[in-house]
Amino acid sequence: MSVLKRPAFHIKHLKTLSSDKWIKLALSNPIEILIDHAHCERKAAGIAIQLMFRYPSEPNLAEVLSPIAREELEHFEKILYFLKDKGIQLRALKPPPYGSELTKNVRKKEPLRMLDSFLVAGIIEARSHERLSILALNSQDSSSKHLYESLLESEARHFGIYWQLAQTKFDKEDTLKRLNELIKKEEEILSNTFILPRIHS
């Protein structure tokens, strides 16, 4: 395998870079990674919708989250059609512990629950941005490379939206402190071994 490439830019607020081991595993299993990312896009849409239902009276929340949910579903469909063109059907995959373990750190009491929900959703988007950037740089298949490149911008923008929601609705110093705590938890989760090729393994 050629020298592994990494993004020239820093993914804001992520403390840990993806390991060479993850990159090699992902590149060696391109179809499984694509199927997993389709599931990631579907779940991301679900998170945005869930937050709209949980906080129906929160000012300006639905106006921000509804476009995210719609775009995530558009990406889900885009990957579905990409796979279909290759003769591949979507199938269930064993999920990594990443999302569920990170979500366990969301505090139960409001308004802390809202803050943590925004930050966890943002961290997931930031990690997706980093890993799709890596896949776009290293993929040997031109069509897959183009697909990943087409998804990149929105992942970064979605992180920015969740981060802005947190900063707007909560004290900025408290928000940054909590974000750093959750990022440390994310680092711990990723350090645990999960040998199957997944976007968040």
Side-chain angles (χ1 to χ4, degrees), residues 7 9-18 36-79 95-133 148-190 198-200:
F9 52 87
H10 175 69
I11 309 297
K12 190 175 182 181
H13 295 304
L14 290 185
K15 304 297 185 186
T16 306
L17 296 175
S18 293
D36 182 62
H37 190 58
H39 289 301
C40 289
E41 297 284 5
R42 175 179 54 80
K43 291 173 186 176
I47 288 171
I49 292 169
Q50 182 185 61
L51 289 170
M52 285 193 291
F53 275 97
R54 186 185 298 163
Y55 306 111
S57 302
E58 187 65 26
N60 302 316
L61 189 63
E63 294 89 335
V64 171
L65 293 182
S66 181
I68 290 181
R70 187 165 56 252
E71 190 169 36
E72 300 285 15
L73 285 175
E74 287 172 355
H75 290 174
F76 172 67
E77 293 170 1
K78 188 173 189 176
I79 299 171
Y98 178 89
S100 60
E101 289 298 315
L102 199 50
T103 302
K104 285 179 183 178
N105 294 282
V106 173
R107 291 168 290 187
K108 305 300 182 185
K109 187 177 180 180
E110 297 291 1
L112 300 178
R113 185 186 186 192
M114 180 190 288
L115 172 61
D116 288 358
S117 296
F118 291 157
L119 294 178
V120 165
I123 290 169
I124 293 171
E125 294 286 353
R127 182 60 66 185
S128 295
H129 182 216
E130 186 233 8
R131 293 198 159 173
L132 292 186
S133 299
Y148 288 128
E149 289 172 346
S150 73
L151 301 174
L152 274 175
E153 187 271 337
S154 65
E155 302 287 352
R157 179 163 39 79
H158 293 172
F159 164 73
I161 291 171
Y162 281 117
W163 174 236
Q164 189 62 37
L165 279 172
Q167 282 192 309
T168 300
K169 296 178 181 294
F170 297 90
D171 177 80
K172 290 185 179 181
E173 186 175 334
D174 291 343
T175 298
L176 183 58
K177 180 181 177 182
R178 183 56 177 162
L179 177 64
N180 287 327
E181 291 171 352
L182 290 170
I183 287 171
K184 188 172 182 180
K185 292 291 185 182
E186 195 242 10
E187 183 179 4
E188 293 172 2
I189 293 166
L190 287 179
R198 302 290 185 269
I199 290 293
H200 296 112

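On a predicted model such as this, the values are computed, not experimentally measured, just so you know. Atom set for the values below is all heavy atoms of this structure, side chains included, hydrogens, waters and symmetry mates excluded.
A donor-acceptor contact shorter than 3.5 Å is absent between the side chain of Ser66 and the backbone of Glu63. Here the side chain of Thr168 pairs no donor or acceptor atom with the backbone of Leu165 at under 3.5 angstrom. In this structure, the side chain of Glu130 engages the main chain of Ser18 through a donor-acceptor pair within 3.5 Å.
Residues Lys104 and Glu101 are paired through a salt bridge, judged by an N-O separation under 4.0 Å between the basic side chain and the carboxylate. Taking a cutoff of 4.0 Å between a charged side-chain nitrogen and a carboxylate oxygen, Glu155 and Arg127 do not qualify as a salt bridge.
His75 NE2 to Leu132 CG: the interatomic distance, rounded to the nearest 0.5 Å, is 10.0 Å. For the atom pair Glu41 CD and Leu73 CG, the distance stands at 9.0 Å (nearest 0.5 Å). In this structure, Leu190 CG and Leu17 CG are separated by 11.0 Å, a value rounded to the nearest 0.5 Å. Note: Leu152 CG to Arg131 CZ = 14.0 Å, rounded to the nearest 0.5 Å. Distance CZ/Arg113 to CG/Leu51: 9.0 Å, rounded to 0.5 Å. Separating the NZ atom in Lys78 from the OG atom in Ser150 is a distance of 3.0 Å, to the nearest 0.5 Å.
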Exercise. How far apart are the C-alpha atoms of Ile123 and Leu179, what are their side-chain angles, what is the distance that settles it, and do they pass the side-chain contact (heavy atoms from CB on, under 4.5 Å) test?
Worked result: CA-CA 9 Å; Ile123 290 169; Leu179 177 64; 3.9 Å; yes
For this session: Go through Glu186 and Tyr98 one step at a time and tell me if the side-chain contact (heavy atoms from CB on, under 4.5 Å) criterion holds.
Result: CA-CA 8 Å; Glu186 195 242 10; Tyr98 178 89; 2.8 Å; yes
Exercise. Step by step, would you call Glu58 with Met114 a side-chain contact (heavy atoms from CB on, under 4.5 Å)?
Worked result: CA-CA 10 Å; Glu58 187 65 26; Met114 180 190 288; 3.5 Å; yes
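Looking at Ser128 and His37, their side chains never bring a donor and an acceptor atom within 3.5 Å of each other. There is a side-chain donor-acceptor pair under 3.5 Å between Tyr55 and Glu110.
Ala156 meets the side chain to side chain contact (heavy atoms under 4.5 Å, CB included) test with His129; sequence neighbours excluded. Leu115 meets the side chain to side chain contact (heavy atoms under 4.5 Å, CB included) test with Arg107, Leu119, Ala166, Phe170, Thr175, Arg178; sequence neighbours excluded.
Here the shortest heavy-atom pairing between Gly99 and Thr103 reads O-OG1, 2.7 Å. Counting all heavy atoms, side chain and backbone alike, Ser133 lies closest to Pro7 at CB-CG, 3.5 Å.
Applying the ring-ring contact (aromatic ring centres under 6.0 Å, His included) test to residues at least two apart or on different chains, none of the pairs has a partner in residues 107-127.
Taking 4.5 Å as the limit, every side-chain heavy atom of Ile68 sits out of range of all side-chain heavy atoms of Ile47. Contact of the Leu14 side chain with the Phe159 side chain is not registered, since no non-hydrogen atoms from C-beta on lie closer than 4.5 Å. With contacts defined as side-chain heavy-atom distances shorter than 4.5 Å, the pair Val120/Tyr162 does not qualify.
Partner of Arg157 under the salt bridge (charged side-chain N to carboxylate O under 4.0 Å, His left out) criterion, chosen from Glu71, Glu125, Glu72: Glu71.
Around the NZ atom of Lys185, the shell of radius 6.0 Å holds no more than 12 heavy atoms that belong to other residues, nucleotides or ligands.
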